[in-house]
Amino acid sequence: MERSYDIAKEIHDQLIKTAEAIPVFDSEFDPQIRVADERFGDFQANGTLPFAKKKQLNPRDLAKTLIDSLPENKEWEVSIAGPGFINFKLARTCLYQWLKAFSHREQIEAALATKEPKRVTLDFSSPNTAKQMHVGHIRSTIIGESLSRLLKLNGHQVTKDNHLGDWGTQFGILLYAIKREKIDLNNLGDQPIARLENLYRIGNQWIKENKQALKTAREELVKLQGGDEENLRLWQKIRDLSMESFEEVYDLLGVSFDHAHGESFYRDQVDSIYQSLESHGICQEDNGALVVFHPEHKRFAKQPFIIRKSDGASNYATTDLATLSYRSKEWRSEQIIYVTDGRQRDHFEQLFLTSRKWFEAEARKIPVLSHVWFGTILGEDNKAIKTRDGQPIKLVDLLDEAIRRATQMVLEKNPELSPEEIRRRACAIGLGAVKYADLSQDRTLDYVFSWEKLLAMQGNTAPYLQYAVARVHSIFRKLNTSPDELIEKAGLPQTEAERKLARKLIFFPTAIKQATQELKPHFLCTYLFELATDFSSFYNQDKVMVPEVEVQGIRLLLCQTTQTYLEIGLEMLGIETLTEM
RNA sequence: GCACCCGUAGCUCAAUUGGAUAGAGUGCCUGGCUACGGACCAGGAGGUUGGGGGUUCGACUCCCUCCGGGUGUGCCA
């Protein structure tokens with residue numbers, strides 16, 4: 001029989017099939033296969049308990065009936081425990097076959113690729129132009145990139161779109177300040193974005209103090225939105241400068257996009273949005289603004305979704321509607337995922353409600369809409385992060401500091417390396433640490449920014465995982481020959497540590513599935529850390545280079561498979577691996 | 001006011017969505033390279049899951065209530 005990649009699913013299917021032939025079971029029965037506590041087995045089926053409850057049956061008897069009907073099987077031992085759990089303990093031969101069948105990348109990729117690929121648009125990072133990226137942007141950028149990799153690994157077609165904030169009210173103020181100060185955008189010095197940020201701050205101060213200044217700034221915005229050539233040219237230059245500064249960060253982080261349309265891309269479509277929504281009676285005038293209410297909703301019956309401000313200008317609700325429509329129409333997106341701060345949850349809930357009504361009215365099929373929100377990075381005062389002078393920590397500064405600290409550690413171990421090699425390793429380690437620190441906790445939780453937390457290199461961290469990978473490479477280097485031939489002669493796993501590691505490896509598909517379904521990379525992090533831990537324990541206990549070919553073979557197979565999974569897993573987190581550290 | 005999120009070991013976090021005796025890291029204590037690399041490994045101490053009540057075979061998870069922290073709530077994104 002061919003070894004199935006997802007053993008949990010294999011057990012699930014087997015139980016369903018068996019239950020179908022037993023009269024007391026019906027279609028409501030869900031086996032609920034879960035990874036079992038190590039004390040009880042490898043997988044467990046919890047499903048008989050809730051089913052027995054619903055049918056007023058004895059759960060232990062029900063479980064017994066079910067396992068008595070299971071066909072003869074050499075793959076796993078089955079037993080009943082406690083109130084009616086069914087435990088499955090995999091035979092060593094089963095683990096062995098699985099390892100042999102799924103130790104290489106191509107095998108894994110083929111096994112994970114879905115038969116129903118979807119076109120998914122991933123909207124993430126999305127910084128505002130004319131501003132520097134600060135630590136707050138790290139979450140959307142890193143989570144988004146990780147999700148795109150996970151979705152692709154599962155066989156989906158992903159389009160990554162950096163939805164820049166490049167068309168807001170801020171440009172009126174900025175253009176006003178640029179003109180008043182007679183600034184030459186081609187001559188802003190080596191920190192052009194910092195200059196622009198400063199200009200904006202000054203401009204903002206002026207308009208608060210002076211009514212005439214406020215009026216002029218508004219006029220600049222109207223001129224820009226009206227297509228004024230001079231203002232458009234300045235705006236474009238600001239956008240270009242901003243993109244350059246973003247690219248610097250994205251290069252460091254290994255993040256890329258297919259598009260960076262930004263809000264400005266949709267500026268000519270806002271009128272048709274108003275018309276369409278008005279013609280379908282979805283929106284209404286209220287206090288001079290065009291708004292959408294949702295009477296069926298407890299909160300949004302009263303809290304409006306403003307799609308046109310009372311001064312006639314569009315806002316991000318308008319461009320988000322246009323963007324959604326565009327992605328559905330032009331890219332034929334079947335799902336759109338937005339990765340943003342949790343404070344925007346109301347906005348997206350309203351956007352989704354409005355879009356569903358709109359698409360229904362136009363008889364268009366609406367994509368699946370997912371708001372992947374994350375918690376805020378806080379300062380010591382438990383408020384959204386700010387440094388002492390009121391400016392958030394710049395993202396490049398965080399990344400530079402991470403690289404600096406990693407450089408010290410690399411130098412300590414290998415002072416003789418070339419500067420390029422030190423830099424390469426320090427980037428992988430330092431940036432990996434930062435990414436992992438963020439990705440490894442549930443994204444919905446806020447956390448207090450701390451250098452100590454983000455730059456930790458011991459324990460449950462990226463360097464620990466990278467170290468495990470480097471150790472496997474080290475073993476293979478010592479081997480001095482391709483392991484494949486030796487692996488051919490592998491015997492069954494024998495020792496405690498071998499079995500424990502093999503057992504952990506078979507849970508990889510479960511971890512990937514969970515992280516992808518929930519759009520939560522931390523599930524994968526937890527798994528990878530456990531895998532690396534079991535591997536570390538294994539190579540400390542069981543020497544790989546031993547004369548017995550069967551023993552050496554299985555240990556090499558375990559090393560090879562562990563390496564493959566750690567490398568794929570880290571790649572899904574956007575973290576680089578090294579062959580030596 | 002209304003709505004939402006959060007509260008788990010000294011600290012930072014998990015807990016397979018209602019499953020078995022709540023697990024890791026860090027810090028603290030003890031031990032381990034003449035070994036394939038010590039960013040490591042083995043072990044120990046550390047808990048009334050904010051408090052109280054309820055639902056049930058079973059609750060960190062669901063419901064009610066109270067306490068504490070945070071966010072959103074009409075013209076920023």
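To find a chain, count down the sequence lines: A is the first, B the second, and so on, and within it residues start at 1.
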Exercise for the section: Please work out if A:S474 contacts a base, only the sugar-phosphate, or nothing of the nucleic acid, heavy-atom cut-off 4.0 Å. Expected result: base
Practice task
Please determine, for B:G46, whether a Watson-Crick or G-U wobble partner exists with both distances under 3.5 Å, and give it or none.
Solution key: none
Practice task
Rounded to the nearest angstrom, tell me the gap between atom CG in A:L465 and atom P in B:C40.
Solution key: 11 Å
Practice task
Can you check whether any acceptor in the base of B:G18 is under 3.5 Å from a donor in the side chain of A:N46, or vice versa?
Solution key: no
Practice task
Please confirm whether A:F43 and A:F507 have ring centers closer than 6.0 angstrom.
Solution key: yes
Practice task
Record whether the side chain of A:N87 comes under 3.5 Å of the base of B:A20 through a donor-acceptor pair of N or O atoms.
Solution key: yes
Practice task
Go through the N and O atoms of the side chain of A:Y467 and the base of B:A39, and report whether any donor-acceptor pair is under 3.5 Å.
Solution key: no
Practice task
Using only heavy-atom distances, decide whether a donor-acceptor pair under 3.5 angstrom links the side-chain of A:Q541 to the base of B:A42.
Solution key: no
Exercise for the section: Just compare B:G37, B:G72, B:C40 and give me whichever is closest to any side-chain atom of A:R299. Expected result: B:G72
Problem - Interatomic distance at C1', B:U61 relative to B:A22, whole Å - result: 12 Å
Practice task
Look at the side chain of A:D166 and the backbone N and O of A:S264, then say whether any donor-acceptor pair between them is shorter than 3.5 Å.
Solution key: yes
Exercise for the section: May I ask you to say what A:I429 touches in the nucleic acid, namely base, sugar-phosphate or nothing, with a heavy-atom cut-off under 4.0 Å? Expected result: base
Handout entry: Heavy-atom donor-acceptor pair, A:N87 side chain to A:A81 backbone, under 3.5 Å
Key = no
Completion exercise
Considering only heavy side-chain atoms of A:K543, the closest of B:A77, B:C36, B:C40 is B:C36
Practice task
May I ask you to decide if A:A289's main-chain N or O and A:N287's side chain share a donor-acceptor pair within less than 3.5 Å?
Solution key: no
Exercise for the section: If B:C4 has a Watson-Crick or G-U wobble mate with both distances under 3.5 Å, name it; if not, just say none. Expected result: B:G70
Set out, line by line, the N/O atom pairs under 3.5 Å between protein and nucleotides 7-15 of chain B.
unit_1	atom_1	unit_2	atom_2	d
B:U12	O2'	A:K453	NZ	2.8
B:A14	OP1	A:D442	N	2.7
B:A15	OP1	A:H522	NE2	3.1

Problem - Rounded C1' spacing from B:C75 to B:C63 in Å - result: 39 Å
Problem - Ring centroids of A:F529 and B:A24 base under 5.5 Å with planes under 30° - result: no
Return a table of donor-acceptor pairs under 3.5 angstrom between the side chains of residues 372-382 of chain A and protein atoms on other chains or two or more places apart.
unit_1	atom_1	unit_2	atom_2	d
A:D381	OD1	A:K383	N	3.1

Practice task
Considering only atom P, compute the distance from B:C33 to B:A39 and round it to an integer number of Å.
Solution key: 16 Å
Fill in the blank from the handout: By nearest-heavy-atom nucleotide on RNA chain B, the more 5' of A:V544 and A:G165 is A:V544
Exercise for the section: Please determine, for the side chain of A:S536, which listed nucleotide (B:C75, B:G37, B:C41) has the closest atom? Expected result: B:C41
Problem - Identified pairing partner of B:G27, criterion: Watson-Crick or G-U wobble below 3.5 Å - result: none
Handout entry: Distance test, side-chain N/O of A:K413 to OP1/OP2 of B:A39, below 4.0 Å
Key = yes
Practice task
May I ask you to verify whether the side chain of A:S310 and the base of B:C75 hold a donor-acceptor pair under 3.5 Å?
Solution key: yes
Exercise for the section: Please measure how far the P atom in B:G47 lies from the corresponding atom in B:C4, and state the result in whole Å. Expected result: 35 Å
Handout entry: Neighbour count >12 (heavy atoms, 6.0 Å) for atom CD, A:Q541
Key = yes
Exercise for the section: Say whether A:T323 and A:D320, considering side chains only, have a donor N or O and an acceptor N or O under 3.5 Å apart. Expected result: no
Practice task
Keeping the roles fixed (side chain from A:R308, backbone from A:V270), state whether a donor-acceptor pair exists under 3.5 Å.
Solution key: no
Handout entry: A:Y338 and A:S126: side chain donor to acceptor below 3.5 Å
Key = no
Handout entry: Whole-Å P distance, B:U30 and B:A35
Key = 25 Å
Fill in the blank from the handout: So, with a heavy-atom separation below 4.0 Å from RNA chain B, the residues of residues 53-66 of chain A are A:K53
Completion exercise
In whole angstroms, the gap separating P of B:C76 from NE2 of A:H347 amounts to 14 Å
Fill in the blank from the handout: note: A:F348, atom CZ; B:C76, atom C1'; distance rounded to Å ~ 14 Å
Practice task
Counting heavy atoms from C-beta on, name the nucleotide in B:C36, B:G72, B:A20 closest to the side chain of A:D346.
Solution key: B:G72
Problem - Pairwise P distance, B:C60 and B:G52 [rounded to whole Å] - result: 13 Å
Handout entry: Atom C1', compared across B:A24 and B:U49: separation rounded to whole Å
Key = 16 Å
Handout entry: Between B:A77 (C1') and A:L351 (CG): distance, integer Å
Key = 13 Å
Problem - Between B:A24 (C1') and A:E38 (CD): distance, integer Å - result: 14 Å
Problem - Side-chain N or O of A:S537 closer than 4.0 Å to phosphate OP1/OP2 of B:A42 - result: yes
Practice task
Just call it for A:N382: base, sugar-phosphate, or nothing, with non-hydrogen atoms closer than 4.0 Å on any strand.
Solution key: sugar-phosphate
Completion exercise
Distance col, row A:N460:CG vs A:T533:OG1, nearest 0.5 angstrom, shows 7.5 Å
Practice task
For A:M457 and B:G38, give me the distance from atom CE to atom C1', rounded to whole Å.
Solution key: 17 Å
Fill in the blank from the handout: Quick note, A:M409 side chain, CB onward, closest among B:G32, B:A39, B:G37 is B:A39
Problem - 4.5 Å side-chain heavy-atom contact, A:P521 and A:L573 - result: yes
Problem - Same-atom distance (P) from B:G27 to B:C40, integer angstrom - result: 10 Å
Exercise for the section: Mind checking A:E530 for me? I need base, sugar-phosphate or nothing, with any heavy atom below 4.0 Å counting as a touch. Expected result: nothing
Exercise for the section: Answer yes or no for this row: A:F85 ring on B:G19 base, centroids under 5.5 Å, planes under 30°. Expected result: no
Handout entry: Whole angstrom value for the distance that separates P of B:A77 from CG of A:N204
Key = 14 Å
Exercise for the section: Quick one: label A:A52 by what it contacts on the DNA or RNA (base, sugar-phosphate, nothing), any heavy atom closer than 4.0 Å. Expected result: nothing
Problem - A:A428 backbone acceptor or donor facing A:Q466 side chain under 3.5 Å - result: yes
Handout entry: Heavy-atom donor-acceptor pair, A:T562 side chain to A:L558 backbone, under 3.5 Å
Key = yes
Fill in the blank from the handout: Out of B:G32, B:U26, B:G37, minimum distance to the side chain of A:R471 belongs to B:G37
Problem - Separation of B:C2 C1' from A:H297 NE2 (nearest whole Å) - result: 12 Å
Problem - Closest nucleotide among B:C57, B:G74, B:A77 to the A:L49 side chain - result: B:C57
Exercise for the section: Taking A:S242 for its side chain and A:A130 for its backbone only, find out whether a donor-acceptor pair lies under 3.5 Å. Expected result: yes
